[in-house]
Amino acid sequence: MDERKWLLVAGLVALAVLGGCSFTDSNRLEGDTLDGTVVEVVDGDTIDVRLSNGTVERVRLLGIDTPEVHVATQPDEYEGIPDTVAGRACLRTAGENASRAVEDRLWGEHVTLRLDSEADTRGGYGRLLAIVVHENQSINHQLVREGHARLYDTDFSARDRYAAAEDAARDENRGLWTCRVGA
């Protein structure tokens, strides 16, 4: 075998090995899914998932934002919620409720992580951005619909559907939306 053919074969083998060992933006395909088990709930919009290959990924639920439980929540991120002691306390409780809802549904459960072709694969903190599917339901959408989360300002394919769910939750004063003035 001449040197060029040998280099080509060696390069292809290296690509095949590397492609099977890691998940990065560069080898992402549209419609990618990953399967795993939830091993930790960090808060209402962040979980740790042990993938089928044994690695653990920190996953940020794509398209949503729940009130903070580990740092101060910014009421101005939630339409109509006052930046007062009462508004912040209400959001803290809503964040705890969101975290508990995620823990009750997902801790120890098998999930599918769906990556969105219109969204980034990783967020600013290196977390994998995904729609978390459990029992054929999007947990991300459920959290918005129930008022545990708001729509996050990012691009993804189901954005309009999530916006409608947030509008309905806000109009019906579900979950965190009970924290609004005059709710």
Side-chain angles (χ1 to χ4, degrees), residues 23 33-51 55-116 119-135 137-156 158-159 161-163 165-170 172-180 183:
F23 182 81
T33 61
L34 301 165
D35 291 317
T37 302
V38 176
V39 295
E40 184 176 348
V41 174
V42 177
D43 60 24
D45 56 35
T46 306
I47 59 176
D48 288 344
V49 177
R50 181 175 312 284
L51 301 177
T55 63
V56 175
E57 280 281 355
R58 178 136 303 169
V59 179
R60 175 73 155 79
L61 279 67
L62 177 65
I64 73 168
D65 184 38
T66 60
E68 299 296 334
V69 294
H70 301 294
V71 298
T73 292
Q74 301 302 318
D76 63 345
E77 295 178 351
Y78 298 87
E79 183 179 323
I81 299 177
D83 190 357
T84 62
V85 171
R88 288 176 182 274
C90 187
L91 281 176
R92 172 70 61 174
T93 299
E96 292 166 355
N97 291 341
S99 296
R100 193 169 24 264
V102 172
E103 188 168 319
D104 289 348
R105 291 175 195 174
L106 297 183
W107 193 87
E109 295 290 323
H110 175 80
V111 296
T112 298
L113 307 176
R114 265 193 10 236
L115 306 181
D116 190 300
D120 292 332
T121 302
R122 296 212 179 257
Y125 296 103
R127 297 174 292 188
L128 188 65
L129 301 174
I131 301 294
V132 178
V133 178
H134 178 252
E135 297 179 349
Q137 298 290 318
S138 163
I139 296 301
N140 310 41
H141 186 262
Q142 286 179 354
L143 291 171
V144 172
R145 191 179 69 237
E146 294 167 3
H148 289 300
R150 71 175 178 93
L151 178 64
Y152 191 71
D153 186 24
T154 191
D155 292 326
F156 63 107
R159 184 171 181 73
R161 181 172 169 244
Y162 281 48
E166 181 187 294
D167 289 345
R170 190 180 320 110
E172 296 172 16
N173 292 317
R174 282 183 260 156
L176 69 90
W177 303 112
T178 62
C179 299
R180 293 182 305 154

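Because the structure is a prediction, the values reported are computed rather than measured. Values below: every heavy atom of this structure, side chains too, minus hydrogens, waters and symmetry copies.
- Although no hydrogens or angles enter the test, the distance criterion places a donor-acceptor pair under 3.5 Å between the side chain of Arg159 and the main chain of Thr154.
- By the side-chain contact (heavy atoms from CB on, under 4.5 Å) test, His134 pairs with Leu106, Glu109, Val111, Ile139, sequence neighbours left out.
- Applying the salt bridge (charged side-chain N to carboxylate O under 4.0 Å, His left out) rule to Glu96 yields no partners; only residues at least two apart in sequence or on another chain are considered.
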Hey, mind stepping through Leu151 and Val144 against side-chain contact (heavy atoms from CB on, under 4.5 Å) and telling me if it holds?
CA-CA 7 Å; Leu151 178 64; Val144 172; 5.6 Å; no

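- Judged by distance alone, with hydrogens and angles left aside, the side-chain atoms of Asp45 form no donor-acceptor pair with the main-chain N or O of Asp65 at under 3.5 Å.
- With contacts defined as side-chain heavy-atom distances shorter than 4.5 Å, the pair Asn140/Val132 qualifies.
- Minimum interatomic distance between Ala130 and Leu113 (heavy atoms only, all atoms of both residues): CB-CB, 3.9 Å.
- No donor-acceptor pair under 3.5 Å is formed between the side chain of Ser138 and the backbone N or O of Val133.
- The environment of Asp76 atom CG is dense: over 12 non-hydrogen atoms of other residues, nucleotides or ligands sit within 6.0 angstrom.
- At least one donor-acceptor pair under 3.5 Å links the side chain of Asp43 to the backbone N or O of Thr46.
- For Asp83 (side chain) and Gln74 (main-chain N/O), no donor-acceptor pair under 3.5 Å exists by modelled atom type.
- Between the side chain of Arg150 and the main chain of Ile64, no donor-acceptor pair closer than 3.5 Å is present.
- In terms of modelled atom types and a separation under 3.5 Å, the side chain of Thr73 and the main chain of Glu68 share a donor-acceptor contact.
- Taking CD1 of Ile131 as the reference point, atom CD of Gln137 lies at 12.5 Å (rounded to 0.5 Å).
- In terms of the salt bridge (charged side-chain N to carboxylate O under 4.0 Å, His left out) criterion, residue partners of Glu166 (sequence neighbours excluded) are, by chain and number, Arg170.
- Summarising the geometry, atom CG belonging to Asn97 is positioned 11.0 Å from atom OG1 belonging to Thr66; distances are rounded to the nearest 0.5 Å.
- Summarising the geometry, atom CG belonging to Leu62 is positioned 10.0 Å from atom CG belonging to Asp155; distances are rounded to the nearest 0.5 Å.
- Summarising the geometry, atom CZ belonging to Arg50 is positioned 14.5 Å from atom NE2 belonging to His110; distances are rounded to the nearest 0.5 Å.
- At a threshold of 4.5 Å between non-hydrogen side-chain atoms, the residues Leu91 and Pro75 count as touching.
- Applying the salt bridge (charged side-chain N to carboxylate O under 4.0 Å, His left out) criterion to Arg105, with sequence neighbours excluded, gives Glu146.
- Shown here is Glu79, whose CD atom has no more than 12 heavy atoms of other residues, nucleotides or ligands within 6.0 Å.
- Without hydrogens or angle criteria, His148 side chain to Val102 main chain gives no donor-acceptor distance under 3.5 Å.
- Between Leu176 atom CG and Thr93 atom OG1 the span is 11.5 Å, to the nearest 0.5 Å.
- Nearest heavy-atom pair across Ile81 and Arg180 is CG1-CG, 3.8 Å.
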Could you give me the CA-CA distance, side-chain angles and deciding distance for Arg174 and Arg145, then say whether side-chain contact (heavy atoms from CB on, under 4.5 Å) is met?
CA-CA 8 Å; Arg174 282 183 260 156; Arg145 191 179 69 237; 3.9 Å; yes

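- Take Thr84 and apply the side-chain contact (heavy atoms from CB on, under 4.5 Å) test, not counting sequence neighbours, and it matches Pro82, Ala86.
- Atoms CG and CG, on Leu128 and Leu51 in that order, are 8.0 Å from each other to the nearest 0.5 Å.
- Remark: side-chain polar atoms of Tyr78 are not paired, donor with acceptor, to backbone N or O of Ala149 under 3.5 angstrom.
- Residues passing the ring-ring contact (aromatic ring centres under 6.0 Å, His included) test with Phe156 are Tyr162, sequence neighbours excluded.
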